[in-house]
Amino acid sequence: MELKRPLGIIDSGIGGLSVVNAVRALLPAEDIIYVADPLHFPYGEKTKKELMEIVKPIIGYLSQDKMVKLIVTACGTLSSVCLPDLAQLTSVPVMGIVWPACQEAAQVTKKGKIGVLATRATVRTGAFHRILQDIDSSLEVIEEAWPEFILAIEKGEFNSPEWRAQVQGGLLSLKQRGVDTLIMGCTHFSLISWFFQGLGGEDLQVVDPAWVCAQKLKEKLHSGREMKSSSGGKFYLLVRGDCSSFQKSLENLSFSLEGEINCFSADISVNIGV
Ligand code: DGL
């Protein structure tokens with residue numbers, strides 16, 4: 001049986017496009033609806049209660065008449081703060097990025113010391129730390145929140161000499177504390193994992209949850225016989241908030257998009273409900 005419905009992928013902004021990239025590479029036949037929510041960016045500065053209120057209408061929208069076959073919270077914050085609660089809101093399966101990233105990092109590390117860069121909300125939950133230690137209790141984990149750099153990425157301003165120096169310093173300090181593996185615990189970082197790998201050097205292994213998550217998704221769809229077998233998956237981008245500034249961020253990142261672009265206003269999404 002082939003399930004023709006698209007995949008729903010959500011994030012506050014451009015970060016989740018890292019997962020879109022990986023899914024399009026590994027599952028090129030799948031149709032994707034990506035919901036970006038710049039109106040409520042940054043998710044990483046919100047409480048769980050606020051996030052639930054903000055994201056509930058998006059889950060409701062994607063779940064209407066089972067519009068999508070699966071939802072990926074392509075956002076470290078949603079995945080660590082409220083994944084089980086979001087999953088309760090819908091009969092569509094919901095998948096996050098934290099577990100796949102932790103599994104990969106636990107396999108990759110040689111010294112058993114893993115760094116996680118994420119939002120403040122993610123670091124507060126300690127989710128990466130907990131899951132990594134569930135996988136292997138001997139693992140040591142250092143979690144750091146870099147909210148200002150997330151903002152710079154969203155604005156497309158991350159590659160300035162000042163930011164390069166600051167990031168290089170931050171990575172050096174992690175390496176000096178013994179970290180040999182670094183999880184991109186926020187998908188904004190995944191989107192530029194090449195930047196971190198370049199500045200971190202060969203003695204720092206960067207783990208990008210986007211690719212691991214897409215691989216897990218492929219296995220899941222395959223085992224559930226839910227994979228599309230035709231080719232040429234379509235891509236739909238729904239922006240909740242200011243479409244033009246979102247498109248500007250994409251241009252700044254040289255992220256090319258094929259497919260239809262729709263903007264939906266905050267009012268519409270609020271009225272959708274669950
Ligand atoms: N992409 C989101 C994440 O992975 C973070 C950005 C935000 O704070 O909204 O956590």
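Just so you know, these numbers come straight off a predicted model, no measurement behind them. We count ligands from 1, going down the list as the structure has it; atoms in each ligand are counted the same way.
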Checklist entry - Hey, which residues fall under 4.0 Å of ligand 1 on heavy atoms? => result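 Shell around ligand 1 (4.0 Å, heavy atoms): D11, S12, F41, P42, Y43, G44, C75, G76, T77, T119, I150, C186, T187, H188.
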
Next on the checklist: Tell me the closest heavy-atom pair linking P147 and E45, and the distance in Å.
Outcome noted: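 Result for this residue pair: CB-OE2, 3.6 Å.
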
Checklist entry - Minimum heavy-atom separation for L199 to Q168, with atom names? => result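 In this case the closest contact between L199 and Q168 is O-NE2, 4.0 Å.
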
Next on the checklist: Applying side-chain hydrogen bond (donor to acceptor under 3.5 Å, both in side chains), can you list everything that pairs with K175, at least two apart in sequence or on another chain?
Outcome noted: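 By the side-chain hydrogen bond (donor to acceptor under 3.5 Å, both in side chains) rule, K175 matches D203.
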
Item to check | Results of side-chain hydrogen bond (donor to acceptor under 3.5 Å, both in side chains) for R130 - residues two or more places apart only | outcome: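 side-chain hydrogen bond (donor to acceptor under 3.5 Å, both in side chains) list for R130, sorted by chain: empty.
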
Next on the checklist: Between K46 and H40 (side chain of the first, backbone of the second, donor and acceptor by atom type, cut-off under 3.5 Å), is there such a pair?
Outcome noted: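 Present.
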
Item to check | Partners passing side chain to side chain contact (heavy atoms under 4.5 Å, CB included) against Q205 (at least two apart in sequence or in another chain) | outcome: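 Scan of Q205 (side chain to side chain contact (heavy atoms under 4.5 Å, CB included), adjacent residues dropped) gives V108, T181, Q197.
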
